[in-house]
Every structure is written in C-alpha cells, then in structure tokens.
J.: 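After the structure tokens below, expect a handful of questions from me.
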Amino acid sequence: MARQFTLGKKERLKSRKSIEQLFNEGKKINLVPYRIFYTLSPLADERVLLFGVGVSAKNFKRAVDRNRIKRLIREAYRLQKLSLLDKLKDGNLQLNVFFIYTGKELPEYKDVYQKIGMVLNKMEKIVSG
RNA sequence: GCUACAAGCCGGGCUAUCGUUCCGACGUUACAGUCGGGAAGGAAAGUCCGGACAGCACAGAGCAAUGCACCGGUGAAUAGCCGGGUCUUUUCUUACUUAGGCAGGAAAAGAACAGAUAGUGCCACAGAAAAUAACUAUCCGCCUGCGGGUGGACAAAGGUGAAAACGUAGGGUAAGAGCCUACGGCUUAUGAUGGUAACAUCAUUUGCGGGUAAACCUUGCAUGCUGAAAUGCCACGUAUAGUACCGUUUUGAGGGCUGCUCGUCCAAGGUACAGGGUAGGCAGAUUGAUCCCGCGGGGUAACUUGCGGGACAGAUAAAUGAUAGUCCACGACAGGAUCCGGCUUACAGGCUUGUAGCAAUU
RNA sequence: CGGGUGGUGGCGCAGCCCGGUAGCGCACUUGCAUGGGGUGCAAGGGGUCGCUGGUUCGAAUCCAGUCCACCCGA
C-alpha cells in the first residue's frame, strides 16, 4: 500500500526546461498573496501531477524567510492534493503547477492551508470541465 | 550572595502523527516499499583580505596598473594574529617654580609610524605677509616748498590666524638679522656600546627652510590573467547552412605571447548580420594546511609538536518542516551551494572562570 | 556566484575629480495685479548632505567601516 501524503522527487518539477515552458505557455491564476501557473495536457507517462514553489528574493531579503514560506506552502499542498490527484487520474490528464508567493508579509500556517485549499478546489473545477 | 568588567562556552528540550534528502542492508527486471544511520552556523551573513584547486599562458625588454609600507616572530598565506620599538593623547605621581609652567617616571588607549632639503599643487576668512617677494616700521644717502619725496640697506617688530620664519642671554651693527658666542631644543651624517632588528645611549658633526602625501607624486617591495556559471568527459540535437566584406606562393586577412608597446612566433581561413539546435547526465564535490577531547614536550605569546581516542551535510527549482501536547529562563541573530584560514557586522537569554567593590557568616 | 551605480529641502537634480559660500527647477507661504480663478511679477521659509569613525585648522567633497535602494552578466 503506497503512502498518500508524499511529496518526493518524482512529484516535483525538476527540469529547468519544463519550468520555463510553464512560465511561457502556462495559464495564470491570481489569488491574493499567491500566483499560480499551470499547464494541463493529456497523460504521457506515470507522472500525473508535478509541483513547484517560488518566493521572490526582492520581497524577502533573508533566506530564512524564503525557506519558511516555501515549507509552509509545500506542507499545505502535500496534505490537500489528494482529491485533485484522483480527478486527474479519472480524466487521464497531466498537470504542472507552480506556486509563487507574491505577498510581502510572513504568512501564518492556518492562512496558507486555507488559501492553498481554495486554489486546489479551483483547480479541481478546471480539471473537471 | 549581589553588582560591574574581561575571556570562553551554549544558544530550547521531550512525546505522538504526517513528511524531505543522502548512505547502507533487504527487496524488485526496474520502480514501489521496509529497516538502520547521517543531515546547516557561531556567525552558514557581508564578500573586506589571504590561500587551496582548475583552465589558459609561461624566449625576452620596456611602460603602465594594483596593493603594501617601524621591527621581529607566527603561519600555506594576508592588510590576520603575537611580542617588541617609536610617537601622540589622557590619567596618576615626584622634583623645581609665587603662580603660569616645565622636566622625569608609571599606567591605559590609539597610530594608513617610508619620504614634505626630489619636484609640482593647495592653505578659505583674517592678516603686511601663508613661504618668492612686496607694504608699514627702522637705518643711510640725495632733494625739499620741512608736509614729505626719492634711491638703497635690512629681514621678522607690525592688533591677525589652525599655523608666523629655533628659544633665552650677551655681543655685534648706520639700523638689524643664527650674523657671532654660551646654554638649551630639534635635525643630518659618521663612529662606539647594547640589541637578531626597529631602536636606545654617548661622542663628533651638518643644519634649523610651516602644514598637507586618507593632493598629484617619489622611493622600496610584491603581483601573469580568469574564476566552480572554472574545467574534463558522455549523451541528445541542428542547416554537407544563407548573405556581405577581407584574405589564402611574394604584397599575406587574422591570431598567440591574456593590461599595453616593441620584438617574436603561427597562419588558411577570418569578421559581421540573419537564422537553426541544445540547455540532460557524470566527474569537479565533499576526509581536509580539518576539527574536538585527554595526557605530555617546546615557546613570554601567537603558535607548534608526540601519543591515544572520537567526529565530520552534500542538495541541484535546491533537502531539517508542519500539527497537537507538555516543561522551563517562553526561544535572539539568522540557513549550506567548491573548500579552507582570518577580518567585519547582527544577536533574546543562559552557564563557567578570573579580577574589582559591597554585604554577611565561620 | 561575480561585477557595477546611487543615497543632498516635499519631488527631480547640480555641487564631489581639484576640501573653505550648500545651489537650480517644480512645489509651498505672503504680497501686488484681476470682479474671481488661471497666469504673471516681487519677496520669503524650509536641508542631521543615509549612518558611524578617521585624516585635516576645516569634510556634502578625501579615506575606512556600515545600512538601504537599484542595475548588469549567466
């Protein structure tokens, strides 16, 4: 039985090329302190859902703060991605997502969890039709 | 015990659930999965110095540029560190002095402490003048209408200023002036003594011509250039690919000698524009001038050395987190990105040791 | 990772190389001109020269350290 709440190397965007493609060709969602890029395409291999995070060094000068925001977003995503994954499997689709934090204040985990949940719900609706 | 200062060390702990990365074992065709172990700092930061390492270059000469600048030691090396010298400032103290002051000694702090008689520049305001002179004053000669004018001599007396032409006394002179003499101060050179040396003391001697080199500069010494996006290898892929210009025996386009010039060597392709492809993997790359502990040796110290034991991340869109509970002193500054040595800056709180003061007990 | 530029009145800039008076435009205040406004004319106020030290008689300017903002290479 495979574990469910994982976020290993195989589930993250690892290629510079695919990331650049995502920024150039992907669609965009703005949700107050976040900006999400995504591309939806027919399933090519077993990698159904790929994920990435970014925080601008302009808004957060210290690496400690950037690391913390990325960790919080990753955690919220990890715990809430399951139903989106099921929808993608049903539709035989492949999705790349990239989260960018555009706010200027350090967020609380509860807010991050809530907002990421909203984003994922939106994505589900887009995937469904 | 409390307070202050200095030095050194630490800088949240525990439990549960979910999760990340690397290594090993099991397992698998290969994944998946399971088990065990490792996983940010004292500054990882700023990138201010110095190296290691790598590539290119390494026949020579000249010029330039940059850095450093008392001496010795330390170390792979430095603008770091340690010790010493000199100077400056502050404090204390002693002798002399009516006082002002001045000389010596001690302690602490600081010093970008080579050169201002190599040259050039600058020094606002004030002041006669900011370094060459001129002006006032002084003295001498001549003229005079007795107000002064004019030709010379003189060199620091002239309310200033941050800074004023060695100080005091005497001689000297037409009047003056280190012009001369004595004492004192600073300074140049030589010698002697002590010291590895910087330097100190003494003797003789040269002069006394302000400051500024964190102004240009001069002198001495050092430095090849470029940095892991360096560099080597493998894989994938495109256009046996276009246009223009220059050149291909000699008249040679261009290139190397990596700052430039000379000089020298190579040389058949080169330059520009337009367009196309790739942007994956492995090595570099984590164990090294390494760090810590104990005992011992050398050295004033920085540091070094012998023996024994222990420890040491390696990611690559980039890993240490989240949630809940609990304890306390309620958690600061802040996160690797080739590595190491230093410097600088940020930092809640706590612990240890030493010194000084206060209080109390025996 | 490497390299560079800039912090001067409320705003945009000059002065810095070669040290001695901080200046310009817009804005602001007051007055005059107009029936009123725009506009024009005249006068005026306002600056720790990012911060901390050093050199110097004297620092916005020179030097060192530090903070902040911005840009470039890949």
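All figures in this text were calculated on a predicted structure; none of them were measured in a lab. Letters A, B, ... are given to chains in the order of the sequence lines, protein chains preceding strands, and every chain is numbered from 1.
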J.: Return the nucleotide paired to B:U201: Watson-Crick means purine N1 to pyrimidine N3 with N6-O4 or O6-N4, wobble means G-U with N1-O2 and O6-N3, both under 3.5 Å.
T.: B:A192
J.: Please classify B:G72 as syn or anti, treating any glycosidic angle within 90° of 0 as syn.
T.: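 Classified anti.
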J.: Would you indicate which nucleotide in B:A334, B:C18, B:U320 comes nearest to any side-chain atom of A:Phe5?
T.: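 Per side-chain heavy atoms of A:Phe5, the pick is B:C18.
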J.: Which nucleotide, in any strand shown, forms a Watson-Crick or G-U wobble pair with B:A332, with both distances under 3.5 Å?
T.: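 Matched B:A332 with nothing under the 3.5 Å cut-off.
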J.: Hunt down the Watson-Crick or G-U wobble partner of B:G254, both distances under 3.5 Å, from any strand shown, or write none.
T.: B:C266
J.: Mapping A:Ala63 and A:Lys110 onto RNA chain B by nearest heavy atom, which one lands closer to the 5' end?
T.: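 Its nucleotide being nearer the 5' end, the pick is A:Lys110.
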J.: Name the nucleic acid region contacted by A:Gly8, choosing base, sugar-phosphate or nothing; use a 4.0 angstrom heavy-atom cut-off, strictly under.
T.: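 Sugar-phosphate, backbone atoms only, no base.
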J.: For B:A319, take OP1 and OP2 only and decide whether either is under 4.0 Å from a side-chain N or O of A:Arg12.
T.: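 No, outside the criterion.
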J.: Stem list for RNA chain C, please, built from Watson-Crick and G-U wobble pairs under 3.5 Å and keeping only runs of at least 3.
T.: C:1-7 with C:67-73, C:10-13 with C:23-26, C:28-33 with C:39-44, C:50-54 with C:62-66
J.: The side chain of A:Arg78 lies closest to which of these nucleotides: B:G19, B:G336, B:A317?
T.: B:G19
J.: If you check the A:Lys10 side chain, which of B:A334, B:U320, B:A32 turns out closest?
T.: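 The closest nucleotide is B:A32.
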J.: A:Phe60 has an atom CZ; how far is it from atom P of B:A45, in whole Å?
T.: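 Those two atoms, CZ and P, are 21 Å apart.
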J.: Please give the distance between the C1' atoms of B:G349 and B:G336 as a whole number of Å.
T.: 26 Å
J.: Side chain of A:Arg68 only, heavy atoms from C-beta on: which candidate in B:A317, B:G321, B:A40 is closest?
T.: B:G321
J.: Taking the six-membered ring for Trp and the single ring otherwise, decide whether the centroids of A:Tyr34 and A:Tyr101 are under 6.0 Å apart.
T.: yes
J.: As a test of the definition: with a 90° window around 0 for syn, would you call B:A40 syn or anti?
T.: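 With its glycosidic angle within 90° of zero, B:A40 counts as syn.
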J.: Quick one, give me the B/S/- string for nucleotides 24-30 of chain B, reading 5' to 3', where B means a protein heavy atom under 4.0 Å from the base and S means that only happens at the primed atoms, P, OP1 or OP2.
T.: -------
J.: Test your reading of the model: is there a side-chain donor-acceptor pair from A:Gln80 to the backbone of A:Tyr113, 3.5 Å cut-off?
T.: yes
J.: State the pairing partner of B:G42; accept Watson-Crick or G-U wobble contacts with both distances under 3.5 Å, and report none otherwise.
T.: none
J.: Would you mind pulling out the nucleotide paired to B:G100, Watson-Crick or G-U wobble, both distances under 3.5 Å?
T.: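 Checking every strand shown, B:G100 finds no partner, since no pair has both distances under 3.5 Å.
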J.: What pairs with A:Phe51 under ring pair (Phe, Tyr, Trp, His ring centres under 6.0 Å), at least two apart in sequence or on another chain?
T.: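 With neighbours one apart ignored, the set is A:Tyr77, A:Phe99.
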J.: Partner lookup for B:G55, please. Criteria are Watson-Crick or G-U wobble with both distances under 3.5 angstrom; report none if nothing qualifies.
T.: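 Its partner is B:C225 (Watson-Crick or G-U wobble, both distances under 3.5 Å).
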J.: Take atom CD of A:Glu75 and atom P of B:U320, then tell me their distance rounded to the nearest Å.
T.: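 Going from CD in A:Glu75 over to P in B:U320 covers 10 Å.
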J.: If you check every side-chain atom of A:Leu79, which of B:A334, B:C31, B:C18 has the closest atom?
T.: B:C18
J.: Suppose we screen for salt bridge (Lys or Arg N to Asp or Glu O under 4.0 Å). Which residues come up paired with A:Asp86, at least two apart in sequence or across chains?
T.: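 If we apply the salt bridge (Lys or Arg N to Asp or Glu O under 4.0 Å) test to A:Asp86, skipping adjacent residues, there are no hits.
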J.: Tell me the interatomic distance from A:Phe37, atom CZ, to B:A317, atom P, rounded to whole angstroms.
T.: 19 Å
J.: Both distances below 3.5 Å, Watson-Crick or wobble geometry, any strand: find the nucleotide opposite B:G184.
T.: B:C166
J.: Any salt bridge (charged side-chain N to carboxylate O under 4.0 Å, His left out) pairs touching residues 63-72 of chain A, not counting sequence neighbours?
T.: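 Non-adjacent pairs meeting salt bridge (charged side-chain N to carboxylate O under 4.0 Å, His left out): A:Arg62-A:Asp65.
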J.: A:Ile116 CD1 to B:A322 C1': how many Å, rounded?
T.: 14 Å
J.: Would you kindly give the CZ-to-C1' distance between A:Arg74 and B:U323, to the nearest whole Å?
T.: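 Interatomic distance, CZ of A:Arg74 to C1' of B:U323: 17 Å.
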J.: Under a 3.5 Å cut-off for both contacts, is B:U287 paired Watson-Crick or G-U wobble with anything, and if yes, with which nucleotide?
T.: none
J.: Could you check whether any side-chain N or O of A:Arg35 sits under 3.5 Å from a backbone N or O of A:Ile100, counting only pairs where one atom can act as donor and the other as acceptor?
T.: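 Here the side-chain-to-backbone pair does not exist.
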J.: Indicate, yes or no, whether a donor-acceptor pair under 3.5 Å links the base of B:G335 to the side chain of A:Arg71.
T.: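 Present.
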J.: Look up atom CG in A:Leu95 and atom OG1 in A:Thr39, then write down how far apart they are to the nearest 0.5 Å.
T.: 6.5 Å
J.: Do any N or O atoms of the protein come closer than 3.5 Å to N or O atoms of nucleotides 313-315 of chain B, and which pairs are they?
T.:
none

J.: Tell me if C:C17 is syn or anti. Syn = glycosidic torsion within 90° of 0, anti otherwise.
T.: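 Chi for C:C17 falls in the syn range.
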J.: For C:G36, does the O4'-C1'-N9-C4 (purine) or O4'-C1'-N1-C2 (pyrimidine) torsion place it in syn, i.e. within 90° of 0, or in anti?
T.: anti
J.: CG of A:Asn67 versus P of B:A319: gap in Å, rounded?
T.: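 Answer to the nearest Å: 6 Å.
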J.: Any donor-acceptor pair under 3.5 Å linking the side chain of A:Lys81 with the backbone of A:Thr6?
T.: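 Flag set: sc A:Lys81 to bb A:Thr6 pair under 3.5 Å.
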J.: Just checking A:Arg66: base, sugar-phosphate only, or nothing, at a heavy-atom cut-off of under 4.0 Å?
T.: nothing
J.: Kindly label the base of B:G309 as syn or anti, based on whether its glycosidic torsion lies within 90° of 0.
T.: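 Base orientation: anti.
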J.: May I have the distance from A:Arg62 (atom CZ) to C:C68 (atom C1'), rounded to whole angstrom?
T.: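 The distance from CZ of A:Arg62 to C1' of C:C68 comes to 14 Å, rounded to the nearest Å.
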J.: Rounded off to whole Å, could you give me the CD1-to-P distance for the A:Ile69 and B:A319 pair?
T.: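 In whole Å, B:A319 P and A:Ile69 CD1 are 14 Å from each other.
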